[in-house]
Amino acid sequence: MTAKVLDGKAISEEIKAKIKVDVGRLKEKGVTPGLAVVLVGDNPASKVYVKNKQKACEAVGIYSEEHKLPEATTQEDLLSIVERLNKDSKIHGILVQLPLPKHIDSDTVLKAINPFKDVDGFHPYNVGMLMIGDPIFIPCTPYGIMKMIEHSGISVEGKTAVIVGRSNIVGKPVALLLMQKNATVTVCHSKTKDLDEVCRSADILVAAIGKPKIIKGNMVKEGAVIIDVGINRLDDGSLVGDVDYDEVSKKAGWITPVPGGVGPMTITMLLNNTLDAARRSTEGS
């Protein structure tokens, strides 16, 4: 068996085309969706992510602005910028790029963002709404994963899903989303016993642990759906996921590539959340 490729880049382009149309319709009503990205410091990966987000906004007609701050920015100064953006009517979405410098408490900053502008979906209010199945904003990577699955016509109901990784950004929210689609979900982590055996039980396996090629061919069920969230740079400069693609693609039914899988979907769902935030602003939410 050779797995079908879940082409996140192609799927994201289809979704962005629809977003562009919807943004145009909103502009006709006098509202231009606006996204503000706050970047503190000079993390090279973060700078690339922010640049890609700006390009994506421009492509669909979303207004974007970047607030680039030096590494030494104080927490108080950062919070004052967040508060100003909370009050700015032309800004519908606020994204504070993580990670932040060590002297700044990320939780405090994320809690300061207006929940109805929290397009990353990390504010405790939005986490709680997701937990009860009535989300305002879904975190972008889990949202993108679910959209890929949906777009490809893959059935989730009644399936066994295994998530490797329990982060607040990916592991926990994607587990909730899969449960809400009636999958039976197991979340694995560093203390999980018999990880190989647990992974082999999965009809849907989501790898989000940040270790290159940790998921091998002998760890997956024949025909399983494999979602690789990892992006790891090797010593030779190449990018690989948490899944050993060459091995696993010979057994899986579906698999996401790295790069070109989950990554493009994450940015696309950020655009979608920003559009939704702008729509809500017109409804007085």
Side-chain angles (χ1 to χ4, degrees), residues 6-16 19 35 37 43 45-46 48-50 52-53 56-57 93-99 106 110 113 118-123 126-127 129-131 135-152 154 156 161-181 183 185 187-189 204-212 214-215 225-233 239-243 254-277:
L6 276 164
D7 189 339
K9 187 174 181 180
I11 297 169
S12 71
E13 289 300 325
E14 288 187 33
I15 296 173
K16 281 192 288 188
I19 290 172
L35 173 68
V37 178
N43 182 294
S46 293
V48 171
Y49 295 150
V50 168
N52 289 341
K53 288 165 185 172
C57 284
I94 301 170
L95 185 153
V96 177
Q97 184 67 45
L98 301 177
S106 299
L110 295 177
I113 298 171
D118 169 41
V119 288
D120 254 342
F122 295 158
H123 190 285
N126 286 320
V127 174
M129 293 299 284
L130 175 61
M131 177 71 189
I136 305 297
F137 296 114
I138 299 171
C140 300
T141 298
Y143 197 6
I145 290 169
M146 297 306 294
K147 281 291 183 183
M148 289 176 81
I149 291 172
E150 176 188 321
H151 185 277
S152 302
I154 296 167
V156 172
V162 172
I163 319 299
V164 184
R166 55 178 169 181
S167 72
N168 292 332
I169 294 173
V170 179
K172 291 176 185 176
V174 82
L176 287 170
L177 292 167
L178 285 164
M179 277 194 288
Q180 288 164 11
K181 293 293 185 181
V185 179
V187 178
C188 300
H189 44 78
I204 301 169
L205 177 63
V206 180
I209 202 167
K211 294 185 179 180
I214 191 173
I215 305 297
V225 177
I226 310 296
I227 308 292
D228 191 352
V229 183
I231 184 158
N232 310 281
R233 190 172 293 278
L239 293 175
V240 298
D242 292 353
V243 173
W254 292 87
I255 191 169
T256 59
V258 175
V262 174
M265 294 297 296
T266 297
I267 292 179
T268 297
M269 301 329 292
L270 173 66
L271 303 178
N272 193 79
N273 281 349
T274 302
L275 172 61
D276 282 347

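The chain is numbered in sequence order, starting from 1. FYI, side chains are in, hydrogens and waters are out, and symmetry mates aren't considered; it's all heavy atoms of this structure. Since we're looking at a predicted model, the values are computed, not measured.
Side-chain contact between K181 and I149 is absent, with no heavy atoms from C-beta onward closer than 4.5 Å. Contact check for N126 versus P135: no side-chain heavy atoms found under the 4.5 Å cut-off. Taking 4.5 Å as the limit, every side-chain heavy atom of I255 sits out of range of all side-chain heavy atoms of D228. Between L6 and V225 there is a side-chain heavy-atom pair separated by less than 4.5 Å. Side-chain contact between P99 and N43 is present, with heavy atoms from C-beta onward closer than 4.5 Å. Side chains of L205 and I215 form a contact here, defined as non-hydrogen atoms less than 4.5 Å apart. Side-chain contact between D276 and N272: present, with at least one pair of heavy atoms (C-beta onward) separated by less than 4.5 Å. Side-chain contact between L35 and V37: present, with at least one pair of heavy atoms (C-beta onward) separated by less than 4.5 Å.
The structure places CG of L270 at 6.5 Å from CG of D120, a figure rounded to the nearest 0.5 Å. For the atom pair CE (M265) and CE (M148), the distance works out to 6.0 Å, reported to the nearest 0.5 Å. Annotation: the span from C140 atom SG to Y143 atom OH amounts to 9.5 Å, rounded to 0.5 Å. In this structure, C57 SG and K16 NZ are separated by 10.5 Å, a value rounded to the nearest 0.5 Å. Between atom CG of residue L95 and atom CZ of residue F122 there is a gap of 8.0 Å, rounded to the nearest 0.5 Å. Rounding to the nearest 0.5 Å gives a distance of 9.5 Å between NZ of K211 and CG of D242.
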Show me the donor-acceptor pairs within less than 3.5 Å that the side chains of residues 172-180 make with the rest of the protein, sequence neighbours left out.
unit_1	atom_1	unit_2	atom_2	d
K172	NZ	N168	OD1	3.1
Q180	NE2	L130	O	2.8

Task: Audit row: V206, V229, side chain to side chain contact (heavy atoms under 4.5 Å, CB included) steps and yes/no - done: CA-CA 7 Å; V206 180; V229 183; 3.8 Å; yes
TODO: Verify side chain to side chain contact (heavy atoms under 4.5 Å, CB included) between T266 and V262, making sure each step is shown before the conclusion.
DONE: CA-CA 6 Å; T266 297; V262 174; 4.0 Å; yes
- [ ] With side chain to side chain contact (heavy atoms under 4.5 Å, CB included) as the test, would you mind laying out the steps for T268 and I19 before giving the verdict?
- [x] CA-CA 9 Å; T268 297; I19 290 172; 4.1 Å; yes
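Counting all heavy atoms, side chain and backbone alike, P139 lies closest to P142 at O-CD, 3.3 Å. Scanning all heavy atoms of the two residues, the minimum distance from S106 to L98 falls at OG-CD2, 4.1 Å. What you find for V170 and A208 is that their closest heavy atoms are CG1-CB, 3.7 Å. Scanning both residues, C188 and V162, for their nearest heavy atoms gives SG-CG1, 3.8 Å.
Counting only distance, with no hydrogens or angles, the side chain of N232 and the backbone of V240 share a donor-acceptor pair below 3.5 Å. At distances below 3.5 Å, at least one donor-acceptor pair connects side-chain atoms of N273 with backbone N or O atoms of V119. The main-chain N or O of K9 is found under 3.5 Å from a side-chain atom of S12 such that the two form a donor-acceptor pair. Using modelled atom types, no side-chain atom of D118 and backbone atom of I113 make a donor-acceptor pair closer than 3.5 Å.
With sequence neighbours excluded, the residues forming a side chain to side chain contact (heavy atoms under 4.5 Å, CB included) with H151 are I11, E14, listed by chain and number.
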